[in-house]
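Notes follow the structure.
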Amino acid sequence: MTAALEVTGLSKAFGGLPAANGISLNVEAGERRLIIGPNGAGKTTLFNLITGDLRPDAGSIRLFGEEVSRLPTHRRTQHGMARTYQIITLFARDTLLHNIVLSLLGRSRTRWDAFRPLERHRELFDRARAALERVGLEPLAQRPISEVSYGDKRRVEIAMALAQEPRLLLLDEPLAGLSREERVTVKKLLDTIPRETTVVMIEHDMDTALDMAERITLLHYGTVIVEGTRSEVVADPKTREVYLGH
Amino acid sequence: MQFWVIQTLNSLALGGLLFLLSAGFSLIFGLMRIANLTHGAFFMLGTYIGVSALRVFPNLWLAALAGAVVVGLFGALLERFVLRSLGGNALGQVLLTLGVAFIISDLCLIVWGGDPIPVQTPDYLRKPMLIAGLPFPTYRLVVVVIALVTALLLWLLMERTRLGAMIRAGVDDMQMARAVGIPVSKLFTIVFCLGAALAGAGGVIGGPILSAYPGLDADMLPLALIVVILGGVGSLVGALVGSFIVGFVYTFGTALLPDLAYVILFLPMIFVIAFKPTGLFGKVSA
Amino acid sequence: MRSARWIVALVLVALPQFAGEFYVNLISQIFIAAIFASSLNLLVGYAGLTSLGHASYLGVSAYLSAWLYLKLGIGHWLSAPIALAVTTVMAGFFGWIALRASGLGFLMITLALSQVLWGLAYRWSAVTNGDNGLSGLTRPQPFGLSLDSASAFYYFTLIVVAVAIGMMAKFIGSPFGAALKGTRDQPRRMSALGHDVRRVRWITFVYAGFWGAVSGLLYIYYHKYIHPTSLSLTNSAEALLGVIAGGSGTLVGPIIGAAIVVLLKNYVSAYVERWNMLLGFVFVAIVLFMPDGLVPGVRRLWARVTGRRKPTDAASNS
């Protein structure tokens, strides 16, 4: 069976400083993978390389067996990849519903329709409402993003990604900045992601993240230090070294 | 043979003038992220000031100095008191420079009238120079030398002085420059003033070749833009190389295909943009 | 709001019955400028791409139409579609070049390209007749109806402007328009969502070029004369001023802005021959004091007066 995501020898340097230094990892279809590492380990750089926001200096990226490292971001998304951002980048002046619609349009031929009014495309709005319902935000559908709470924005981020029914979902710190209750809500939401969707997640909140992940990859200075099951990684002395110093 | 030699020299002279114009444009863009659309008008204003200065004292170099001082001061005031109030709004600043360009252009028309005014070449530079038996227009050679010396001085300024180091820091990373205590806002005024002064002096020095006429600004601005797009914004080397490329393409285009000289200008620009959108020597994309 | 629209429509239809020829012609000019400015607004307001070269499309389509008639004797029924098609293809090419950059690079490239065309119009006198311009043109006669009278041309222009604004409004209100606005606000996010940002922008560029070309045809039919100034930076800047003064990213703004520019140009330059200076000062004043433009400014004021909440994008999107 082909892996959902296969990264080989991925490297990227900024002005001589390597942010990713020969990263290789394999994520099986349906797997839940957690990526951890101290600040500046290259976690978000890895995501940006996978999505195509950054061009790698070397290495290859395969999505479900297909080489994508030379494709622009939007083409990779068409292969079934979706992501959420660490720093929220939503369309602040638009409604929650409209944000989801933009996401749905990204994977629908309807986006090239330049004549029929948007709101005539009922099926889009029905699906968008369903996506909001799934994260419990349907009642706020008509509110502009700028008027809802931080926790709600995070859920909209996730709803936008899930609405596309991605085969591979990259979550960049989905729990960052949330209150304890909000974290529980988002955690429950993440648990409902179907197995057809492979999940790769960057997260600092170990308590919540560790029990979700089946395998864990520890990055440090742009390289994979340890990879394995939860207990393997926790038990590995190199993990201790990275987090506690020598 | 004579044709090619003379046209080559004309190309070099135009390239030199374009460098005086676009070096400032490029520096301003690199540091302040403003496309200063007043730059063509600065050049024309310089030429007209040269015309008036020459009526008072018949020395082209003093006139060039006058052009540099007046236009430079104007630039400094424009930056300090008008552009600054739109700090952070790059588009607003660009549109403002466009408005000011229209105002200067019309003011020149009011003050100096609509007829072209020739600018005299200094007597001692009028006689062609004989090199290997071929006569060369001496003034054009001098213009090339002035441009090259200016390029050298600018390079020294940027690479060898404290001011240059601060400007480079600002071009590389504005926030970092601010954080380490570089007086960025003073730098803005200085660079804008310097860019304007170069354009003003360039206008006077270009006078004997181009003469002063309404529309000179609109003729020069696109050439400067093409130079900068070609060479890459914010790069002095890019401005120098771009200037001479455009100088050659435009001069030979005009001589060989006078009707289509402007279309030929397209070609190097399209070629460069197609393969390297940041320009030949550009690091930042515009 | 709906009744206000009907009243405006009625007044526009009835206008030639009570207004003198001078005013009828003036409004025709406003219509032409309104199409021109609205087409530019597709780029400036909805794509977030400030072009300073939009005169290219007006000028080239007008020159082409004139040249086809004068040099090849081709009638309007054929020259119009040729001019539109060629200009639109040119927009496709220019858009491909200019969209290699974004932001100020885009602005500089569009400006440089259009200035090259402007210089070409002056120099290539074999085709453009240089500074003398091309004259001796006629207006078309759709279905045998003469458009030579002020009111006949007015109605012709009214129909075109209605169709043009209607089509642009449809474009903006469509799924494609929603994606376009998305690429304006968050281009990176949009590509992560699967949208091809550059292609969305390019299509909009071409569409804007097409409607610019339509305004060029009306322009040449109205003036029956064309001069290189139609391709000048001043002409591009007038349209941009109309967009910004009225309010970019709104449908009505550029129409009102274009009207203001035409009125200013006609009235003020009748007294003082200082149009460029005035244009410059208005630019500076708008940028410094009313950067949002009149329509959003007045709308905000109105919202404050009536004490209503500022209308959300939900209202403007649906």
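Residue numbering restarts at 1 for every chain, and letters A, B, ... go by the order of the sequence lines. Note that the coordinates shown come from a computational prediction; the quantities given were computed from them, not determined experimentally. Any value given below was found using the heavy atoms of this structure, including those in side chains, with hydrogens, waters and symmetry copies removed.
The contact list for residues 186-199 of chain C toward chain A, using heavy atoms and a distance under 4.5 Å, reads C/Q186, C/R188, C/R189, C/M190, C/S191, C/A192, C/L193, C/G194, C/H195, C/D196, C/R199 by residue number. Below 4.5 Å, heavy atoms of chain A meet no heavy atom from residues 81-99 of chain C.
Dense packing is recorded around CD of A/Q86, with more than 12 heavy atoms of other residues, nucleotides or ligands lying under 6.0 Å away. Heavy atoms of other residues, nucleotides or ligands lying less than 6.0 angstrom from CZ of A/R55 number more than 12.
Contact of A/A114 with chain C is made through backbone and side chain together, with heavy-atom distances under 4.5 Å. Of the atoms belonging to A/R111, heavy atoms from both backbone and side chain fall under 4.5 Å from chain C. Neither the backbone nor the side chain of A/T51 has a heavy atom closer than 4.5 Å to any heavy atom of chain C. Residue A/D113 touches chain C through both its backbone and its side chain, counting heavy-atom pairs closer than 4.5 Å. Looking at C/L180, there are no atoms closer than 4.5 Å to chain A (heavy atoms on both sides), in backbone or side chain.
In this structure, the side chains of C/F176 and A/L118 stay at 4.5 Å or more apart for every pair of heavy atoms. Between C/K170 and A/P117 there is a side-chain heavy-atom pair separated by less than 4.5 Å.
Distance NE2/A/H121 to OG/C/S174: 7.5 Å, rounded to 0.5 Å. Atom NZ of C/K181 and atom CG of A/L102 lie 9.5 Å apart (nearest 0.5 Å).
Residue with the most contacts toward chain C among A/L104, A/L97, A/T77: A/T77 (heavy-atom pairs, distance under 4.5 Å). For chain A, the option among C/A179, C/G182, C/G177 with the highest count of heavy-atom pairs below 4.5 Å is C/G182. Ranked by heavy-atom pairs under 4.5 Å with chain C, the list A/Q164, A/R107, A/R83 is led by A/Q164.
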